[in-house]
Amino acid sequence: MAIFVATGCGAAAVHAQTSAESAHIAIENPADLTKEEAQEIYDEMSRRMARGYAASRLDLIARFQDWPKFNDAPYVSATHGQRYVNSYANKMATNYATLKPGEKLPVGTVLAKDSVTVTDDGGVFPGALFVMEKLPAGQNPDTADWRYIMVMPDGSLFGDTMGSRRAAVAYCHSCHEAVADRDYTFFVPEDYIASE
């Protein structure tokens, strides 16, 4: 049986999540998979996941799986609930892989992380799609002009910092503040960076 717990990046994030209407949940015991095993599971799930996310009808993420992918296999992301994720970026994110401290991503950049839940007892489930969109300066100062969206596997919207259920995803920016010097974006773990 999988056990789900609320997680966060710090005390403020934990509080924001646990006080939200529906706390973000994380897998307590994710499976320890090799790159090959994780990729095989993802390959089996990717079409189902794409169909589910597409039900959200968000043009912003249409065909995101065709965007450049920056990892060579799905990897466990602690900041995304201990799920196996892939990191994609649209064509506007020309400097995402090479971002230097203090450098910014261009307005219109969209980053997407699809996810698969794999538990240590063999459970495999599609996970949420985590999305960041870089907004024009001043459009959302509370989130350093980033929009955060979480789309559930069935296409329902868990939250959107520029739309419905803003409070449900407010903790996203709390976590991303840890990488403010990289324009609030995490990157792929070194062992998983895709070769060019």
Side-chain angles (χ1 to χ4, degrees), residues 1-10 13-14 17 23-56 61-91 93-99 105 109-132 148-155 158 169 171-172 175-176 178-179 182 184-196:
M1 169 187 267
I3 299 172
F4 300 97
V5 294
T7 66
C9 294
V14 171
Q17 289 180 34
H24 179 51
I25 55 176
I27 307 311
E28 187 174 85
N29 297 308
D32 185 17
L33 304 175
T34 65
K35 285 185 175 187
E36 293 76 18
E37 290 168 334
Q39 188 62 52
E40 184 177 337
I41 288 170
Y42 179 76
D43 290 344
E44 290 172 7
M45 300 284 292
S46 64
R47 281 189 174 149
R48 175 180 174 190
M49 293 163 58
R51 283 192 306 270
Y53 304 142
S56 70
I61 58 167
R63 302 183 56 84
F64 76 90
Q65 289 174 327
D66 293 337
W67 298 351
K69 185 171 76 166
F70 291 85
N71 53 292
D72 62 3
Y75 59 94
V76 173
S77 174
T79 55
H80 296 91
Q82 301 284 33
R83 288 170 178 79
Y84 281 85
V85 301
N86 289 298
S87 293
Y88 299 90
N90 71 354
K91 65 181 179 181
T94 56
N95 57 334
Y96 178 55
T98 60
L99 205 59
L105 287 158
T109 290
V110 179
L111 308 176
K113 281 186 171 44
D114 58 4
S115 69
V116 178
T117 298
V118 186
T119 63
D120 65 355
D121 64 357
V124 178
F125 312 95
L129 175 66
F130 305 93
V131 181
M132 290 177 68
Y148 297 89
I149 305 168
M150 185 166 32
V151 179
M152 300 308 286
D154 65 358
F158 183 84
V169 290
Y171 67 87
C172 294
C175 285
H176 283 262
V179 286
R182 197 178 188 283
Y184 300 90
T185 64
F186 290 96
F187 195 59
V188 175
E190 190 172 326
D191 292 347
Y192 286 84
I193 296 173
S195 57
E196 307 232 358

- Message: If I take atom CZ from residue F130 and atom CZ from residue F158, how far apart are they, to the nearest 0.5 angstrom?
- Response: 9.0 Å

- Message: Against the six-membered ring of F125, is R83 placed for a cation-pi contact (under 6.0 Å from the centre, within 45° of the normal)?
- Response: no

- Message: I need the minimum non-hydrogen distance between T119 and A31, along with the two atoms involved.
- Response: O-CB, 3.5 Å

- Note on the structure: The reported gap from CG in L129 to CD1 in I149 (rounded to nearest 0.5 angstrom) is 8.5 Å

- Sub-3.5 Å donor-acceptor pair from the side chain of R51 to the main-chain atoms of S46, do we have one? no

- Item | Heavy-atom donor-acceptor pair, Y53 side chain to A62 backbone, under 3.5 Å | no

- Which of Y171, Y184, F187, F186 passes ring pair (Phe, Tyr, Trp, His ring centres under 6.0 Å) with H176? It is F186

- Between OG1 on residue T117 and CD1 on residue I41, distance to nearest 0.5 Å: 11.0 Å

- Please tell me if the side chains of M45 and P126 come closer than 4.5 Å, counting only heavy atoms from C-beta onward. yes

- Is there side-chain contact between M49 and V116, with heavy atoms separated by less than 4.5 Å? yes

- Ring-face cation of K113 near Y88 (centre distance under 6.0 Å, axis angle within 45°): no

- Only one of L33, N29, D32 passes side chain to side chain contact (heavy atoms under 4.5 Å, CB included) with D120; say which it is. N29

- Item | Side-chain H-bond candidate by donor/acceptor type, Y75 with S87, under 3.5 Å | yes

- Message: Let me confirm one number: the SG-CE distance from C172 to M132, rounded to the nearest 0.5 Å.
- Response: 8.5 Å

- Item | Heavy-atom pair with the smallest gap, counting every atom of A73 and N86 | C-OD1, 4.1 Å

- Distance-minimising heavy-atom pair for A50 and Q65: CB-OE1, 3.2 Å

- With no hydrogens and no angle check, is any side-chain donor or acceptor of E37 less than 3.5 Å from a backbone partner on T34? yes

- Shortest non-hydrogen contact from Q39 toward P74: OE1-CD, 3.2 Å

- Tightest non-hydrogen contact, residues T185 and L111, listed as CG2-CD1, 3.6 Å

- Message: With a 3.5 Å distance limit and no angle check, can you tell me whether S77 reaches the backbone of Q82 through a side-chain donor-acceptor pair?
- Response: no

- Query: Nearest 0.5 Å, what's the CG-CG distance between L105 and N90?
  - Reply: 9.5 Å

- Task: Heavy atoms only: give me the nearest F64-A112 pair and the separation to one decimal.
- Result: CD1-CB, 4.1 Å

- Task: Kindly determine whether Y192 and F70 satisfy ring-ring contact (aromatic ring centres under 6.0 Å, His included), including the steps that lead there.
- Result: CA-CA 8 Å; Y192 286 84; F70 291 85; over 10 Å; no

- Query: To the nearest 0.5 Å, how far apart are CD in E40 and CG in D43?
  - Reply: 8.0 Å

